[in-house]
Amino acid sequence: MIGRGFTRLPRGEGAWPWLTAGSVALSLLMLAGLLSLLAVRGMGHFWPSPLTLVTLEDGRQLAGQAVREERHPNTVGRERLYLTGNRDLDGEIWRWVAVDEIAAESHPHDLMVLERTRWGTFQGRLLALEEGGERVQGEAAWTALQARLEALSGLRSERDRLRDERVVPLVRRLEQDPGAEAELARATARILELQAAITGGRLLLESVDGRRLEQPLEQVLRAWRPNAMSPPAKVAAWGVGVWRFLAEGPRAANSAGGVWPAIFGTVLMVLLMSVVVTPFGVLAGIYLNEVAHQGRLTHLVRIAVRNLAGVPSIVYGVFGLGVFVYGIGGSLDEWFFTDQLPSPTFGTGGLLWASLTLALLTLPVVIVATEEGLARVPNHQREGALALGATRVEMLTRVVLPMTAPAMLTGVILAVARAAGEVAPLMLVGVAKLAPQVPVDGDFPFLHLERKFMHLGYHIYDVAFHGGDVQAALPLVYATALLLVLVILVLNLTAIFLRHHLRARHGALPRG
């Protein structure tokens with residue numbers, strides 16, 4: 001007998017064990033299918049796909065990466081979609097081609113892909129590199145381009161580092177420390193020198209249909225020839241692409257670049273939310289189960305807490321906007337930041353208000369989990385501690401709470417899983433489409449809770465629905481979704497390992 005008199009169903013009795021096992025297996029298969037879809041569609045985006053030179057029956061040529069093939073209802077045969085790039089030449093980067101019109105396909109090794117800061121990618125051939133009055137053509141131009149791009153990458157990194165670590169902090173200190181003006185002037189002069197070293201030079205390019213284009217070299221980020229790359233080189237390029245996606249900031253209106261600010265913002269917001277919700281949720285659960293008189297009022301409070309768990313998240317966002325942002329934040333601005341008004345400091349959305357809003361949203365989950373864990377502690381444990389002379393506080397802190405810690409962490413795990421994926425309330429209380437600077441830097445107080453931040457969930461929403469090209473955004477949506485799942489998994493595994501450690505240390509309670 002376990003729990004309230006229910007007996008455990010024997011494994012070999014009836015069809016119920018098979019149905020439950022089948023449900024678990026089906027759930028695991030669906031989860032594996034979801035992760036596989038995200039991994040293949042997302043991580044495959046960084047693989048150097050081969051460039052196909054397509055010759056049509058009328059003699060026209062195009063170069064692109066074959067994406068998919070399907071039959072359209074208004075056509076007789078099948079059509080194939082190619083990613084052709086060259087937006088500045090063609091006005092678009094996609095082209096449907098009827099399979100019946102293709103006369104020949106080939107994969108020339110001299111076809112290259114240029115990743116640019118403007119106009120997206122270019123796909124075609126390199127004719128010459130001109131820089132400093134010198135002109136390099138042929139294969140030597142490709143070698144010189146690789147060397148020059150590596151040098152430009154170092155110059156850009158130094159420029160960005162100076163801007164983020166020196167210029168921006170000095171600008172903030174300028175009002176309080178006029179002596180920083182000279183240091184700011186030196187840093188600015190160095191940035192101008194680096195920018196002058198970056199500018200200059202151009203590439204002479206040619207598309208496969210013979211159109212030529214002059215490309216400023218400073219707008220080129222990377223160049224590769226996918227048809228000439230060996231499998232190890234492609235694996236290395238794939239790894240570099242994944243690393244850049246994780247370590248760089250977004251660009252081109254979030255349609256290119258990386259998601260590092262979104263990763264940092266998501267993890268930091270969840271950690272702050274956990275720090276706030278855990279003590280309040282645990283203390284509320286302890287009060288309701290161990291301290292409060294178990295009467296009608298306590299029963300109504302429990303019902304209200306459980307109902308709060310079902311309130312739509314956007315309602316919490318409206319509450320956070322009205323109470324935290326405009327109410328508390330506006331009052332803080334009037335009390336402590338009057339010299340900066342009407343520009344708000346805390347009276348606008350930020351990391352602090354987003355964390356508090358999500359803490360309020362997940363508070364019922366932690367309270368309910370804590371109460372369930374406390375209810376599972378046998379009364380004889382409490383009575384034994386009191387009989388041995390322990391006070392009520394000592395009984396709670398040394399006997400009951402250590403045995404309830406795994407249940408508390410279960411509530412925190414559920415809270416983290418829900419908070420990390422929420423988007424609707426964040427749109428009202430602090431998330432930003434683009435916030436390349438993370439809320440942590442070297443300036444006091446180091447953690448800037450008033451700043452806006454990026455979030456992986458909102459980044460997915462913005463890229464998928466606010467981008468100009470949904471087809472081009474899909475791989476980034478899959479990759480970011482996979483990353484969000486992995487971030488939630490890492491946070492949950494951390495709490496799960498801690499829960500198992502506490503369960504092994506204080507002993508597991510029987511399941512009722």
Side-chain angles (χ1 to χ4, degrees), residues 45-56 59-67 81-95 97 104-156 195-229 233-234 237 240-241 244 251-252 255-257 468-469 471-472:
H45 171 67
F46 306 102
W47 184 262
S49 301
L51 278 180
T52 304
L53 177 61
V54 180
T55 303
L56 304 179
R60 293 178 299 163
Q61 289 185 327
L62 64 94
Q65 303 170 12
V67 177
L81 179 63
Y82 287 94
L83 174 59
T84 58
N86 303 354
R87 188 189 296 273
D88 44 349
L89 293 178
D90 301 325
E92 57 184 1
I93 63 174
W94 304 97
R95 184 169 176 180
V97 178
E105 292 182 334
S106 60
H107 300 84
H109 286 184
D110 62 340
L111 289 181
M112 70 170 186
V113 180
L114 289 183
E115 183 178 352
R116 304 176 293 180
T117 57
R118 294 185 60 190
W119 301 110
T121 59
F122 173 85
Q123 297 178 168
R125 294 183 173 91
L126 174 63
L127 298 181
L129 167 63
E130 298 179 355
E131 188 175 19
E134 297 183 358
R135 180 185 178 98
V136 184
Q137 299 180 346
E139 193 63 27
W142 176 254
T143 305
L145 174 61
Q146 295 299 317
R148 181 56 179 159
L149 289 179
E150 184 176 356
L152 288 177
S153 177
L155 293 173
R156 291 192 189 100
Q195 188 62 39
I198 292 174
T199 57
R202 62 176 183 173
L203 301 176
L204 182 59
L205 308 175
E206 183 183 49
S207 63
V208 294
D209 56 2
R211 292 175 294 172
R212 295 195 174 187
L213 174 68
E214 291 185 358
Q215 173 66 50
L217 189 56
E218 64 267 17
Q219 297 179 4
V220 179
L221 298 176
R222 280 167 288 277
W224 64 94
R225 288 176 171 175
N227 297 339
M229 297 173 68
K234 289 188 176 183
V240 171
R244 285 178 176 144
R251 53 184 174 81
S255 61
D469 192 338
Q471 181 67 40

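D209 and S207 are linked by a side-chain donor-acceptor pair at a separation below 3.5 angstrom, with hydrogens and angles left out of the test. Between the side chains of Q61 and T55, at least one donor N or O lies within less than 3.5 Å of an accepting N or O.
Between P226 and S49, the shortest heavy-atom contact is CB-O, 3.3 Å. A223 and Q146 get closest at one heavy-atom pair: O-NE2, 3.2 Å. Summarising the geometry of L152 relative to A197, their closest heavy-atom pair is CD2-O, 4.4 Å, with the distance given to 0.1 Å.
Looking only at side-chain heavy atoms (C-beta outward), L204 and E214 come within less than 4.5 Å of each other. In this structure the side chain of V220 never reaches within 4.5 angstrom of the side chain of R148, judged on heavy atoms. Counting only heavy atoms from C-beta outward, the side chains of W94 and L83 approach each other to under 4.5 Å. You'll find the side chain of Q215 stays beyond 4.5 Å of the side chain of F122, heavy atoms only. Looking at D88 and R118, their side chains never come closer than 4.5 Å, going by heavy atoms from C-beta outward. Looking only at side-chain heavy atoms (C-beta outward), R125 and V208 come within less than 4.5 Å of each other. Between H107 and T52, some side-chain heavy-atom pair lies under the 4.5 Å cut-off.
Annotation: the span from E115 atom CD to R244 atom CZ amounts to 7.5 Å, rounded to 0.5 Å. From S106, atom OG reaches atom CG of N227 across 8.5 Å, with rounding to the nearest 0.5 Å. To the nearest 0.5 Å, the span separating CZ on R135 from CG on L127 amounts to 8.0 Å. Between L126 atom CG and R225 atom CZ the span is 7.0 Å, to the nearest 0.5 Å. Remark: L149 CG to L217 CG distance equals 6.0 Å, nearest 0.5 Å.
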**Prompt:** Can you list the steps and then say if L114 with L203 is a side chain to side chain contact (heavy atoms under 4.5 Å, CB included)?
**Reply:** CA-CA 11 Å; L114 289 183; L203 301 176; 4.0 Å; yes
**Request:** Before giving the answer on side chain to side chain contact (heavy atoms under 4.5 Å, CB included), spell out for Q123 and N86 the whole-Å C-alpha distance, their side-chain angles and the decisive distance to 0.1 Å.
**Result:** CA-CA 6 Å; Q123 297 178 168; N86 303 354; 4.3 Å; yes
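Under a 3.5 Å cut-off, the side chain of R156 and the backbone N or O of E218 do form a donor-acceptor pair. Looking only at distances, no side-chain donor or acceptor of Q219 sits under 3.5 Å from a matching main-chain atom of W119.
Not counting sequence neighbours, T121 has no partner by the side-chain hydrogen bond (donor to acceptor under 3.5 Å, both in side chains) test. Contacts of Q65 classified as side-chain hydrogen bond (donor to acceptor under 3.5 Å, both in side chains), with partners at least two apart in sequence or in another chain: none.
Note on R211 versus D90: salt bridge recorded, some NZ/NE/NH1/NH2 to OD/OE distance being below 4.0 Å. Salt bridge annotation for E130-R202: present, with a cationic side-chain nitrogen under 4.0 angstrom from a carboxylate oxygen.
Other residues, nucleotides and ligands contribute at most 12 non-hydrogen atoms within 6.0 Å of the CD atom of E134.
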